[in-house]
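So the structure is just underneath, and the comments pick up after that.
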There are 2 protein chains.
Amino acid sequence: MSQDGIDLETSVGYLLKEASSALRAAMEAVLRPLGMTVTHYSCLELLSQRPGLSNSELARGAFVTRQSMNVLLQALERDGYVTRPVEARVGKVLPTQLTPRGRHSLEKATAAVRSVEVRMLSGMTREEQAAASGMLRSIVQSLRTTEGSEQQG
Amino acid sequence: MSQDGIDLETSVGYLLKEASSALRAAMEAVLRPLGMTVTHYSCLELLSQRPGLSNSELARGAFVTRQSMNVLLQALERDGYVTRPVEARVGKVLPTQLTPRGRHSLEKATAAVRSVEVRMLSGMTREEQAAASGMLRSIVQSLRTTEGSEQQG
DNA sequence: TGACTCATGTCAGAAGTCTGACATACGGTT
DNA sequence: AACCGTATGTCAGACTTCTGACATGAGTCA
């Protein structure tokens, strides 16, 4: 019991959560004046870079369930930010597109979010940023391996 | 429009969210069989390492609002995992303590979470882990600076 | 062709978290 | 002492996200 708990001050997991929480809070702060949430923005940004993504693909990209993304997409469609075909051309997949209004709304949000990212990286050199990316990728990779397979049986 | 959006594949912010999401999912997977959520566990772990924390302090430590933590604490108190004095000795602060039952429940959870953290760090050397900690701390520091002060006016 | 598996879109209900608001208590200032 | 800004605990309502469930369609295999 010398090391009974996970030392929160040193734990990479805790620091990861702290950093992610700080980033989310900062994004919320700059997106709120634009009437946009983080998931809302993530969805639009994904559609901007990869037009035609389906509901499920957007959900995976924004790290929410497809049910949650569905709720959001219906609201975005209702408000005219995105469009989806009424019927699927193949299977059940409904490719989503950004409307001009959605694109316009995204512009300001992207600028705001970029300012946050710039601030976040302000104290790091290019090399450190590259190292950070590699490290985060490594973490994702490690966690994906045998993900829950021991528990899910 | 050559760099109109934030390239999600390269963005440190996106990778940070992805890593944090993967960590959370992995933690949820191992905590679910124990009937425990991540916030639930965080609260207990915080109390184990720093007995007597108040509701607001626990909220900050678990990265939720004090209202959310209050809801959780009431449930934990009702179920006998923690105790709080009925009246504050000084101010309104109610120092929270882990009960034996809470401590016992935490033991299994800590082991489960530690296995996740071990898996997360499996591909990294000690030096890389230290570098990761430093980098995450740097990010938190940068984001805290002038946090929302431009927007909150 | 038929059965099976997998992925998708969607609905409904439950759970967690958030914002807004209020009363209370401390600390420093006047 | 009186005031003011800050922090805390708490209640209430709303929002977001989740889990559970169902039907549909593609792909595989016998």
Side-chain angles (χ1 to χ4, degrees), chain A residues 17 20-21 24-29 31-33 35-44 52-79 82-97 148 151-152, chain B residues 17 20-21 24-29 31-44 52-79 82-97 148-149 151-152:
Chain A
K17 189 175 177 182
S20 175
S21 173
R24 186 176 190 87
M27 287 178 67
E28 280 172 351
L31 288 175
R32 186 185 309 276
M36 216 180 275
T37 68
V38 173
T39 308
H40 185 136
Y41 159 76
S42 300
C43 177
L44 264 44
L53 283 187
S54 70
N55 175 37
S56 289
E57 292 168 324
L58 286 169
R60 281 191 290 269
F63 309 109
V64 296
T65 62
R66 66 185 195 277
Q67 291 92 330
S68 298
M69 183 54 72
N70 194 30
V71 173
L72 174 60
L73 271 187
Q74 286 176 355
L76 290 178
E77 193 172 14
R78 169 175 48 79
D79 297 345
V82 305
T83 44
R84 281 194 291 181
V86 190
E87 198 170 346
R89 296 179 63 87
V90 54
K92 299 188 67 179
V93 177
L94 298 175
T96 314
Q97 299 283 345
Q151 305 288 335
Q152 204 150 347
Chain B
K17 189 174 178 183
S20 175
S21 173
R24 186 176 191 89
M27 287 179 67
E28 280 172 351
L31 289 175
R32 186 186 308 277
L34 304 175
M36 214 180 277
T37 67
V38 174
T39 309
H40 186 137
Y41 159 76
S42 301
C43 178
L44 265 44
L53 282 187
S54 71
N55 176 36
S56 288
E57 292 168 324
L58 286 168
R60 282 190 289 268
F63 310 108
V64 295
T65 63
R66 65 187 197 276
Q67 291 93 328
S68 297
M69 183 54 72
N70 194 30
V71 172
L72 175 60
L73 271 186
Q74 286 177 354
L76 291 177
E77 193 172 14
R78 169 174 51 78
D79 297 343
V82 305
T83 45
R84 280 194 293 180
V86 190
E87 199 169 346
R89 297 178 63 87
V90 55
K92 301 188 66 179
V93 177
L94 298 176
T96 313
Q97 299 283 344
S149 62
Q151 304 290 335
Q152 204 149 349

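Order of the sequence lines sets the chain letters (A, B, ...), proteins ahead of strands, with each chain counted from 1. Scope of the values below: all heavy atoms of this structure, side chains included, with no hydrogens, waters or symmetry mates.
Taking atom CD of A:E87 as the reference point, atom C1' of C:dT8 lies 15 Å away to the nearest angstrom. Spacing between atom CG of A:L58 and atom P of C:dA7 amounts to 18 Å, rounded to whole angstrom units. If you measure from atom CD of A:Q74 to atom C1' of C:dC11, you get 9 Å, rounded to the nearest angstrom. Separating the CG atom of B:L31 from the C1' atom of C:dG16 is a distance of 15 Å, rounded to the nearest angstrom. We find that CD of A:E57 is positioned 11 Å from C1' of C:dA7, with the value rounded to whole Å. In this structure, the CG atom of B:L76 is 13 Å from the C1' atom of C:dG16, given to the nearest Å. As a whole-Å value, the separation of A:K92 NZ from C:dT8 P is 11 Å. In this structure, A:N70 places its CG atom 19 Å from P of D:dA21, rounding to the nearest Å.
Here the side chains of A:R24 and B:S20 are not in contact, with every heavy-atom distance at 4.5 Å or above. By the 4.5 Å heavy-atom criterion applied to side chains, B:M36 and B:L44 are counted as neighbours.
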For nucleotides 15-18 of chain D, tabulate all protein N/O to nucleotide N/O atom pairs closer than 3.5 Å, reporting atom names and distance.
| residue | atom | partner | partner atom | Å |
| --- | --- | --- | --- | --- |
| D:dT17 | OP1 | A:T39 | OG1 | 2.7 |
| D:dC18 | OP2 | A:T65 | N | 2.9 |
| D:dC18 | OP2 | A:T65 | OG1 | 3.1 |
| D:dC18 | OP2 | A:S68 | OG | 2.7 |

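A distance of 9.5 Å separates CE in A:M27 from OG1 in A:T37, rounded to the nearest 0.5 Å. A:L73 CG to A:H40 NE2: the interatomic distance, rounded to the nearest 0.5 Å, is 10.5 Å. To the nearest 0.5 angstrom, B:T65 atom OG1 is 9.0 Å from B:N55 atom CG.
Formation of a donor-acceptor pair under 3.5 Å by the B:T96 side chain with backbone atoms of B:L53 is found in this model.
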